[in-house]
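Computed from a predicted model, the values in this text were never measured in an experiment.
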Amino acid sequence: MRKIVVAIDGPAGAGKSTIAKLVAGEIGYAYIDTGAMYRSVTWKWLQTGKEFSEEFISELANTMVIEFRPEANVNRVFVDGQEVTSAIRSAEVTANVSRVAAIGPVREAMVAQQRRMGDVGGVLMDGRDIGTVVFPNAELKVFLTATVEERAMRRYKELVAKGEKVELEQLKEDIALRDKQDSERAISPLRQAEDALYLDTSDMSIEQVVAKLKELVQERE
């Protein structure tokens, strides 16, 4: 069986990364976390302490090297040799990643890296524009989503488990705003590819979603 390219798109908090990692591990595919790539650019910029500048951030994106090193149940992320797996999930990075990801040259730089990673097949990528921009010819495209309420609750439980103090209503507002920003941005907006399977996971367990995706991959292979 020939290994294919699997593109998973969807809004913030839909569980794309969690599902993608599990599916990739079970079927022996490489998992490319595209969201982590934009977070890495954002982290790199914030580390410099410089003001927001599209030109400066674009220069960073074009010179930095991002690597993924799967280890046990963790997809470790490295930027220019430095591990940033946890650092790129900080609140500061989360608050700034949408505007960084909306910069044209940054997206071009990341898409170029993503395409190189996926050229050989046997990869599973998730993001906002994988099926529409990065891999429009992917053999399997899935638009993974859930209600704002469900996505906020999942995020709430995740953060509380880490010992963080968060307000559920604030998370709902943040996710709704992120949806609006991602859908309305001029470059590579969040949208469902015409040939993508729409999968609402609001009432599905992680195990059910993983099983469904594995089934879809096997059908395409």
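- A salt bridge links Arg178 with Asp182: at least one charged nitrogen is closer than 4.0 Å to a carboxylate oxygen.
- Residue Glu55 qualifies as open at atom CD: its count of foreign heavy atoms under 6.0 Å is 12 or below.
- At a cut-off of 3.5 Å, with distance as the only test, no side-chain donor of Asp200 or Thr145 sits close to an acceptor on the other residue.
- In this structure, Arg69 forms a cation-pi arrangement with Phe78, its terminal cationic atom sitting closer than 6.0 Å to the ring centre and no more than 45° off the ring axis.
- Counting non-hydrogen atoms of other residues, nucleotides and ligands closer than 6.0 Å to CD of Glu194 gives a total of 12 or fewer.
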Exercise for the section: List the steps, then state whether side chain to side chain contact (heavy atoms under 4.5 Å, CB included) holds for Lys141 with Leu197. Expected result: CA-CA 6 Å; Lys141 301 178 189 178; Leu197 172 75; over 6 Å; no

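- Ring orientation note: the planes of Phe52 and Trp45 are nearly perpendicular, at an angle over 60° on the 30°/60° scale.
- Shortest non-hydrogen contact noted between Ser58 and Pro105 is OG-CB, 3.4 Å.
- Asp33 contributes a side-chain N or O that, together with a main-chain N or O of Ala36, makes up a donor-acceptor pair within less than 3.5 Å.
- Inspection of the Tyr38 and Ser98 side chains reveals no N or O donor paired with an N or O acceptor under 3.5 Å.
- Looking at every heavy atom in both residues, Arg128 comes nearest to Gly10 through CD-O, 3.4 Å.
- Environment of CG in Asp203: sparse, with no more than 12 heavy atoms of neighbouring residues, nucleotides or ligands closer than 6.0 Å.
- A 6.0 Å sphere centred on CD of Glu164 holds more than 12 heavy atoms belonging to other residues, nucleotides or ligands.
- Between Asn96 and Glu92, the side chains place no donor N or O within less than 3.5 Å of an acceptor N or O (distance only, hydrogens not considered).
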Exercise for the section: Determine, step by step, whether Thr34 and Met110 satisfy the side chain to side chain contact (heavy atoms under 4.5 Å, CB included) criterion, reporting the C-alpha distance in whole Å, the side-chain angles of both residues, the deciding distance to 0.1 Å, and the verdict. Expected result: CA-CA 8 Å; Thr34 60; Met110 294 301 101; over 6 Å; no

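- Here the side chain of Ser53 pairs a donor or acceptor atom with the backbone of Phe56 at under 3.5 angstrom.
- In terms of heavy atoms, Thr42 sits closest to Val93 at CG2-O, 3.9 Å.
- Ion pairing between Arg154 and Glu158 fails under the 4.0 Å rule for side-chain N and carboxylate O.
- Atom NZ of Lys172 is surrounded by more than 12 heavy atoms from other residues, nucleotides or ligands within 6.0 Å.
- In this structure Glu184 satisfies the side chain to side chain contact (heavy atoms under 4.5 Å, CB included) test together with Lys180, sequence neighbours excluded.
- Side chain of Glu139 to backbone of Val5: a donor-acceptor contact under 3.5 angstrom is found.
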